[in-house]
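Notes for the one structure printed next.
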Number of protein chains: 2
Amino acid sequence: MKLSEKRVLKKKEQIILSAIKIMNRKGYNGATMEEIAAELLMTKGALYYYFKNKEDLIFQCHELVLTNAIEELQVHLEEPVSYETRLRNMIKTHIAYAIKEKETFNMILKPDETFSSEQLKPILLKRQEYAHQFDTVIKEGMKANEFTITELKIARMILLGSMNWIQQWYQPDGKFNVEELQNVYADYLLKVVK
Amino acid sequence: MKLSEKRVLKKKEQIILSAIKIMNRKGYNGATMEEIAAELLMTKGALYYYFKNKEDLIFQCHELVLTNAIEELQVHLEEPVSYETRLRNMIKTHIAYAIKEKETFNMILKPDETFSSEQLKPILLKRQEYAHQFDTVIKEGMKANEFTITELKIARMILLGSMNWIQQWYQPDGKFNVEELQNVYADYLLKVVK
DNA sequence: TTAAAATTTGAACCTTGTTTAAAAAGTGAT
DNA sequence: ATCACTTTTTAAACAAGGTTCAAATTTTAA
């Protein structure tokens with residue numbers, strides 16, 4: 001890889017990080033191309049040298065965050081503990097991540113509307129990859145007779161959906177701190193698969 | 001109430017219904033004031049005679065849908081069946097509603113960002129009212145020893161969150177039809193509170 | 001040093017929400 | 001039916017923010 005390509009990649013990443021930062025603060029619509037650029041002392045026009053458009057930029061934010069999340073989950077998949085404990089740890093990790101990366105992690109993607117299928121496909125794949133890790137533990141846990149579930153996909157959707165929803169109501173200064181949330185959610189969600 | 005006031009109310013409702021219709025098809029950003037107006041053979045400017053701005057209109061869509069949903073739920077609260085069955089029916093109703101009213105029912109409200117707290121308060125109250133109905137069955141079911149839950153709020157959040165998430169992935173032509181979805185979700189979610 | 005390539009700029013454009021003055025339509029009293 | 005008054009609608013203009021593009025600037029490599 002040439003030096004120039006490396007520089008482009010680095011710049012892209014800076015822009016993505018800037019976008020993530022601002023989006024987590026102001027949401028998708030609140031984060032203007034101008035502000036994202038200003039953060040890096042650029043003008044908004046320059047962003048279009050690196051990204052096709054705002055959608056593209058946001059997608060790549062999504063992808064970066066998802067990629068990191070997948071890596072974080074991976075670890076738990078191979079821990080030498082019961083499947084119940086593995087799933088519990090994955091639940092905790094997911095909750096921590098969903099709260100930390102409020103906007104980006106859980107951005108709402110609507111295939112039909114805003115986004116082109118070109119942009120969408122890799123993201124959906126990454127999402128599947130992420131979700132698949134949950135499927136894996138659940139399946140293995142079933143083989144080991146720790147879990148009993150007939151509709152794997154729905155069970156997983158219930159787990160992820162309920163956790164993602166936390167963003168809708170969680171306030172850092174509310175009744176529960178993150179740790180309590182993680183534990184109670186893990187307790188209750190494990191009841192679903194057991 | 002004067003005739004003119006009645007006419008205004010009727011027109012407001014027409015606009016709200018038009019907005020709901022278009023939003024459910026194209027999402028929040030996809031529904032332009034122009035298209036909402038065109039549906040009723042008006043120009044977008046006229047909408048501002050009835051609503052302060054787009055936010056206001058959307059909020060009122062939200063409120064209408066929520067009000068109807070609350071009424072539909074209410075019925076199940078008083079059915080002369082076990083609490084488990086009541087909750088099961090409420091779950092089914094919620095899922096049907098969440099799918100039918102995709103965009104509107106579950107519109108994401110972000111207090112800090114786009115919306116003024118004036119507009120937000122009544123919606124949050126309505127939401128609480130809706131959620132409270134779930135709390136009620138769960139509490140009553142606990143008194144009757146049908147359910148065992150210590151963190152009521154979190155249990156309810158898990159129920160509603162997992163159901164609302166269905167919108168993120170549900171396709172009318174997918175593997176599951178609505179009825180199957182309702183039954184499997186009910187089965188699994190009841191495990192949470194039991 | 002210089003020509004080509006890469007990057008950035010700033011201005012212009014487009015779409016969409018919002019405002020507003022004026023036009024049109026409706027209403028009620030005479 | 002007419003006139004004054006109110007309600008409703010329009011069309012045009014504006015503002016904000018995403019997007020494009022030709023030109024200017026900067027970087028790169030020989």
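This one's a predicted model, so the numbers in the text were calculated from it and none came from an experiment. Throughout, a chain's letter reflects where its sequence line sits, starting with A, and its residues are numbered from 1.
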What is the distance from CZ of B:Phe51 to P of C:dT19, rounded to the nearest Å?
15 Å
side-chain N/O A:Tyr50 vs C:dT8 OP1/OP2, d < 4.0 Å:
yes
I want to verify a distance call: between D:dG18, C:dT9, C:dT27, whose nearest atom is closest to the A:Ala46 side chain?
C:dT9
Donor + acceptor pair across side chains of A:Glu129, A:His132 (<3.5 Å)
no
Whole-Å gap separating P (D:dT19) and CD (A:Glu34)
13 Å
Do any pairs count as a salt bridge (Lys or Arg N to Asp or Glu O under 4.0 Å) and have a residue in residues 27-40 of chain A, sequence neighbours left out, and if so which ones?
A:Lys21-A:Glu39, A:Lys26-A:Glu35
CG of A:Leu47 versus P of D:dT19: gap in Å, rounded?
10 Å
Are OP1 or OP2 of D:dT8 and a side-chain N or O of B:Arg7 less than 4.0 angstrom apart?
yes
Hey, is the side chain of B:Tyr49 poking within less than 4.0 Å of OP1 or OP2 on D:dT8, counting only N and O atoms?
yes
Return the nearest nucleotide to the side chain of A:Val8; candidates are D:dT19, C:dG10, C:dT7.
C:dT7
B:Met42 CE to C:dG17 P, straight-line distance once rounded to whole Å:
15 Å
Any donor-acceptor pair under 3.5 Å joining the side chain of B:Lys44 to the base of C:dG17?
yes
Say whether A:Gln60 and A:Asp56, considering side chains only, have a donor N or O and an acceptor N or O under 3.5 Å apart.
yes
I need the CD1-P distance between B:Ile36 and C:dT15, as an integer number of Å.
18 Å
Looking across every strand, which nucleic acid part, if any, lies under 4.0 Å from A:Ala37 by heavy atom: base, sugar-phosphate, or nothing?
nothing
For A:Glu55 and D:dT20, give me the distance from atom CD to atom P, rounded to whole Å.
12 Å
Figure out the CE/P separation between A:Met33 and C:dC14, and round it to whole Å.
19 Å
Compare side-chain N and O positions of B:Thr43 against OP1 and OP2 of D:dT10 and report whether any pair is under 4.0 Å apart.
yes
Within this structure, what is the CG-to-P distance between A:Leu41 and C:dT8, rounded to whole angstrom?
12 Å
When you measure from the centre of the six-membered ring of B:Tyr28, is the NZ or CZ of B:Lys54 closer than 6.0 Å and no more than 45° off the axis?
yes
Should B:Tyr188 and A:Ile149 be marked as a side-chain contact (heavy atoms from CB on, under 4.5 Å) after you check the CA-CA gap, both sets of side-chain angles, and the distance that decides it?
CA-CA 9 Å; B:Tyr188 289 178; A:Ile149 274 290; 3.7 Å; yes
